[in-house]
Structures are given as C-alpha cells and as structure tokens.
> 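Starting off with a structure, shown below.
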Amino acid sequence: MHSTSCSSSQDEETDVKKSEKSRQVALTDVFSQLSTSNGAPEFGTEDIGEKQEILYNVAELTEEGQQIVIARGGEGGLGNVSCVKDSRKPVTMAFSCQHMDNVQDPDSVLSSQQAGSPGSETVLILELKSIADVSFVGMPNAGKSTLLGAISRAKPAVGDYAFTTLRPNLGNLNYDDLSITVADIPGLIKGAHQNRGLGHAFLRHIERTKVLAYVVDLAAALNGRKGIPPWEQLRDLILELEYHQDGLSKRPSLIVANKTDEEGAEEVYKELKRRVQGVPIFPVCAVLGEGIADLKAGLKMLVSSEMSSELCLDQILLA
C-alpha cells in the first residue's frame, strides 16, 4: 500500500469521481421520470381519486371571532434536502477506501424520498345576510324605501316602478339611549318562497331580524288599480315568510299603513283596523313625513321589549 500509494490513490480518486457521476446520472433519470411536461413533479397523481360532495348550509358565522375549517392541507413529502447526508464530506488520500463505503447508493437515495399527499379542495358559495333590528317587509311599491328615508338619514333609490330596490338598504335610528338599525327589504311578491321575483335573495335577509314592520299600501286597490287590499297583502307576506322558513314570522311585529294622503285611504285604514286585531297599526305618509314620530316611538318600544305584539294569520279577518 505504501509503495504504491500515489498510483493507488489516483485510481481510487478516479473511481470515486466515476461513482459520483453515476449517482448523479441515476438521480437525473429518476427525477426526469417524476417530472411532467411542464417541469412540475408529479408524485403518483394517477392513483389519487377525487371525491366530490355537495353540502348545503355548511355553517353560519354569526359571532365575532367564530371560525370553521373548510379545507385541510396534505401531508408534506421528503425531497432533496432529506437525502443529503455524508456525500459532501471531502475525500482524503489516507481514508479513501473507507470513504468509498460511505458513498450513498442511488437506490438508497430514492428510497428515502417520499411523495406527499394532496390536500382537500373546497368551492364555497358565501351569502351575506343583513343583520338589522327592524326589517321593512312589504309588497313592491309599498313605499318602504321612501319610509326608510323619512325615519333616517339613508338615501335609498326611489322610483314609481316595481323592484326599485334590489338589495337591502340600511338606516339608523338614533335615540337618547338606543340606536336601531333598520333594513329596507326589497319587495316580496306571491310565490317569493319559490324564488319568484328573486324571492330567495330577499327572504334570507329577514332571518337576522329582531322586529318585523309590515308596510302595506292603503291605495293599492283604490281608483281602479290592480293591487290587493292591505289585509290581503298581510296574509300573502306572512305566508311567504312561513313557506321560506318555519317560524320566520313569529317575532315582534307592527303594521305601517302607508300612503294615507291618497284619496279614499282613510276608509281603507278604518277597514284595516277592523280586520286586523292585536297588532299596533301606524298610519303614515312617508312622502309628507306624517306619522313618522309615532312610528319611531313604536319601533323603539318593540326593539327594547317595552311592548310585545306578534302578527299571525288568525288575527287577519279576510271574509
């Protein structure tokens, strides 16, 4: 060994270089097999089956800080970093034969690599439901947006055609000791629970309401108009709420009899009081601002639980 140390060392060093080169070639071949056409590694994706499932009403986040896990990441794999061991130690002349035993075999390198598992993927449809203390519920063109502008500083769009409001408008009522949020819900028509007139998009906003204010049009059926009387409006509104969600109408409520300035509205108001019992009715003219002060006082009493009243079908006399 000592007499031929130089030649032996040169031969051993050459063998080491050949072994290192062959290991690199082997690793290159393996990674080329694991790579796809775009250069991204593909670890056994053909064996991974996709399971699709559709869930409705997955969760509702109603409190601050509330969280839910909707997807989870996969297990991490082991790549090049996990394969680095003693292969970078320098080769010395005296211990060249011993170092040859420590050179990693390509097969052992490949066995130390592990593919990760894929994570879950979720497609969500998020719905924002307005949270308000009071909701104005009524037929189209009942004057809800005008009423919201009369009792608050809100400036909703107002028009003389149906479905002027396509999304809830919010306004604030400020009292000395209380602040109330009022939502102007877009008009509901008969069959709204079947999504007629975008009923589903409108009805869901009522689910977060504490108090219901039914806004009826006193002049809907006057002077040859094709509308229906206010007591029938109330019946249809309650039915649509209950069809959408059982018990949705069972909460503190009052009635706003709007458009008292119309000719013949006073007689209709008297008939409404006769046909509907047990619920306070506030006659107002939102355009002129008449009756607004009494309505604001009534809303405060309902929200603060100073007054309790609930409207149901049994309280409406239709015949």
Side-chain angles (χ1 to χ4, degrees), residues 62 129-139 142-154 156 165 168-185 187-188 203 205-218 230-231 233-235 237-238 240-242 245 247-261 265-266 268-317:
T62 57
K129 298 180 180 179
S130 299
I131 301 177
D133 299 304
V134 180
S135 283
F136 287 158
V137 182
M139 298 287 183
K144 299 179 297 297
S145 298
T146 305
L147 182 61
L148 179 65
I151 67 173
S152 68
R153 295 183 178 180
T165 303
N169 296 308
L170 298 178
N172 289 325
L173 290 179
N174 296 317
Y175 303 90
D176 294 336
D177 56 345
L178 184 65
S179 178
I180 297 176
T181 302
V182 182
D184 165 27
I185 305 298
L188 303 176
L203 285 166
H205 294 287
I206 307 176
E207 299 175 8
R208 296 291 178 269
T209 301
K210 298 179 181 178
V211 173
L212 296 178
Y214 295 96
V215 182
V216 296
D217 184 359
L218 294 177
W231 44 90
Q233 297 177 34
L234 292 173
R235 176 201 60 188
L237 291 173
I238 293 176
E240 293 302 326
L241 296 182
E242 289 299 319
Q245 185 181 97
L248 186 57
S249 65
K250 291 178 172 49
R251 58 193 66 194
S253 55
L254 56 79
I255 299 174
V256 182
N258 194 18
K259 303 184 182 181
T260 56
D261 60 321
E266 185 176 354
V268 178
Y269 170 65
K270 293 179 180 179
E271 184 66 17
L272 176 63
K273 291 180 62 178
R274 186 185 71 85
R275 290 177 177 267
V276 181
Q277 302 290 331
V279 178
I281 303 177
F282 295 87
V284 301
C285 177
V287 174
L288 302 178
E290 298 177 355
I292 299 301
D294 294 338
L295 174 60
K296 293 171 68 173
L299 291 174
K300 178 184 178 182
M301 294 178 66
L302 274 182
V303 173
S304 60
S305 301
E306 298 178 16
M307 178 178 63
S308 178
S309 61
E310 183 179 307
L311 180 62
C312 61
L313 289 176
D314 298 336
Q315 299 170 268
I316 304 175
L317 181 62

> Quick check: closest heavy atoms across L254 and L302, and the distance to 0.1 Å?
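Shortest heavy-atom contact: CD2-CD1, 3.4 Å.
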
> What residues form a side-chain hydrogen bond (donor to acceptor under 3.5 Å, both in side chains) with S135, not counting sequence neighbours?
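side-chain hydrogen bond (donor to acceptor under 3.5 Å, both in side chains) list for S135, sorted by chain: T209.
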
> Could you tell me which non-hydrogen atom of L237 sits nearest to which non-hydrogen atom of V137, and how far apart they are?
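Minimum heavy-atom contact is CD1-O, 4.0 Å.
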
> Show your reasoning for whether side chain to side chain donor-acceptor pair (under 3.5 Å) applies to S152 and N172.
CA-CA 6 Å; S152 68; N172 289 325; over 6 Å; no

> Measure from the side-chain N and O atoms of R275 to the backbone N and O of I316, and report whether any donor-acceptor pair falls under 3.5 Å.
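Checking the backbone N and O of I316 against the side chain of R275, no donor-acceptor pair under 3.5 Å is found.
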
> Could I get the full list of side-chain contact (heavy atoms from CB on, under 4.5 Å) partners for A265, not counting sequence neighbours?
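Testing A265 for side-chain contact (heavy atoms from CB on, under 4.5 Å), a comparison that skips the adjacent residues, returns L218, E262.
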
> Check this for me: Q245, atom CD, are more than 12 non-hydrogen atoms of other residues, nucleotides or ligands nearer than 6.0 Å?
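More than 12 heavy atoms, drawn from other residues, nucleotides or ligands, come within 6.0 Å of this atom.
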
> Identify, with sequence neighbours excluded, every residue that meets side-chain hydrogen bond (donor to acceptor under 3.5 Å, both in side chains) alongside D261.
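None.
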
> Rounded to the nearest 0.5 Å, how far does OH of Y269 lie from CG of L272?
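Answer rounded to 0.5 Å: 8.0 Å.
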
> Test of understanding: with salt bridge (Lys or Arg N to Asp or Glu O under 4.0 Å), list the residues that count as partners of K273, not counting sequence neighbours.
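Scan of K273 (salt bridge (Lys or Arg N to Asp or Glu O under 4.0 Å), adjacent residues dropped) gives none.
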
> If you measure from CZ on F282 to OH on Y214, what distance do you get to the nearest 0.5 Å?
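Interatomic distance, F282 CZ to Y214 OH, rounded to 0.5 Å: 15.0 Å.
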
> Can you tell me if R208 uses its side chain to pair, donor with acceptor, with the backbone of H205 under 3.5 Å?
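Flag not set: sc R208 to bb H205 has no pair under 3.5 Å.
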
> Check A183 against L170 and note the closest heavy-atom contact, atom names and distance.
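Closest pair (atom of A183, atom of L170, distance): CB-CD2, 3.5 Å.
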
> Grab the two heavy atoms, one from V134 and one from A213, that are nearest each other, plus how far apart they are.
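Closest pair (atom of V134, atom of A213, distance): CG1-CB, 4.1 Å.
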
> Starting at OG of S308, measure out to CE of M301 and round the result to the nearest 0.5 Å.
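The distance works out to 11.0 Å.
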
> Tell me every residue that passes side-chain contact (heavy atoms from CB on, under 4.5 Å) with Q277, counting only those two or more places apart in sequence or in another chain.
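For Q277, no residue satisfies side-chain contact (heavy atoms from CB on, under 4.5 Å) once neighbours in sequence are set aside.
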
> CZ/R235 to CG/L317 distance, rounded to the nearest 0.5 angstrom?
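CG of L317 is found 12.0 Å from CZ of R235.
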
> Mind running side chain to side chain contact (heavy atoms under 4.5 Å, CB included) on V182 and F136 for me, showing each step along the way?
CA-CA 7 Å; V182 182; F136 287 158; 3.7 Å; yes

> Output all residues satisfying side-chain contact (heavy atoms from CB on, under 4.5 Å) with A293, sequence neighbours left out; order by chain, then residue number.
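Residues passing side-chain contact (heavy atoms from CB on, under 4.5 Å) with A293: none at all.
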
> Specify the closest pair of heavy atoms between L173 and I151, including all atoms of both residues, with the distance to one decimal.
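Reported closest heavy-atom pair: CD2-O, 2.6 Å.
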
> Between K144 and D184, is there a salt bridge with N-O shorter than 4.0 Å?
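Here D184 does not pair with K144 in a salt bridge, since their nearest N and O are not under 4.0 Å apart.
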
> I want to check something: taking the side chain as every heavy atom from C-beta on, are V268 and V216 in contact at a cut-off of under 4.5 Å?
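Side-chain contact under 4.5 Å: no.
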
> Out of curiosity, I255 CD1 to Q233 CD, how far, rounded to the nearest 0.5 Å?
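With rounding to 0.5 Å, CD1 (I255) is 10.5 Å from CD (Q233).
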
> Could you tell me if the side chain of L203 sits less than 4.5 Å from the side chain of L241, heavy atoms only?
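When only atoms from C-beta onward are counted, L203 and L241 do touch, with a gap below 4.5 Å.
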
> List in chain and number order the residues that pass side-chain contact (heavy atoms from CB on, under 4.5 Å) with D314, two or more places apart in sequence or in another chain; answer none if no residue qualifies.
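With neighbours one apart ignored, the set is C312.
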
> Sequence neighbours excluded, which residues qualify as side-chain hydrogen bond (donor to acceptor under 3.5 Å, both in side chains) partners of S249?
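Listed in chain order: E242.
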
> Identify, with sequence neighbours excluded, every residue that meets salt bridge (Lys or Arg N to Asp or Glu O under 4.0 Å) alongside D177.
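Checked D177 against salt bridge (Lys or Arg N to Asp or Glu O under 4.0 Å); matches are K300.
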
> Can you run down the salt bridge (Lys or Arg N to Asp or Glu O under 4.0 Å) pairs that involve residues 287-299, sequence neighbours left out, and say none if there aren't any?
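As it turns out, there is no salt bridge (Lys or Arg N to Asp or Glu O under 4.0 Å) pair with a partner in residues 287-299 once direct neighbours are skipped.
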
> Strictly distance-based, threshold 3.5 Å: is any side-chain N or O of S253 a donor or acceptor partner for the main-chain N or O of L311?
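Looks like yes, one N/O pair under 3.5 Å.
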
> So, does D133 use its side chain to make a donor-acceptor pair with the main chain of T181 at under 3.5 Å?
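Checking the backbone N and O of T181 against the side chain of D133, a donor-acceptor pair under 3.5 Å is found.
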
> What closest approach, in Å, do A142 and K259 show between heavy atoms, and which atom pair accounts for it?
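Residues A142 and K259, closest heavy atoms: O-CE, 4.1 Å.
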
> Salt bridge (Lys or Arg N to Asp or Glu O under 4.0 Å) with R274: which residues, sequence neighbours excluded?
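Partners of R274 by the salt bridge (Lys or Arg N to Asp or Glu O under 4.0 Å) criterion, ordered by chain and then number, come out as E271.
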
> If I take atom OG1 from residue T146 and atom CG from residue L288, how far apart are they, to the nearest 0.5 angstrom?
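So the gap between those two atoms works out to 11.0 Å.
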
> Where the side chain of T260 meets the backbone of V284, is there a donor-acceptor pair that is under 3.5 Å apart?
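Here the side-chain-to-backbone pair exists.
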
> Kindly write out the residues that satisfy side-chain hydrogen bond (donor to acceptor under 3.5 Å, both in side chains) with S309, not counting sequence neighbours, or none if the list is empty.
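Scan of S309 (side-chain hydrogen bond (donor to acceptor under 3.5 Å, both in side chains), adjacent residues dropped) gives none.
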
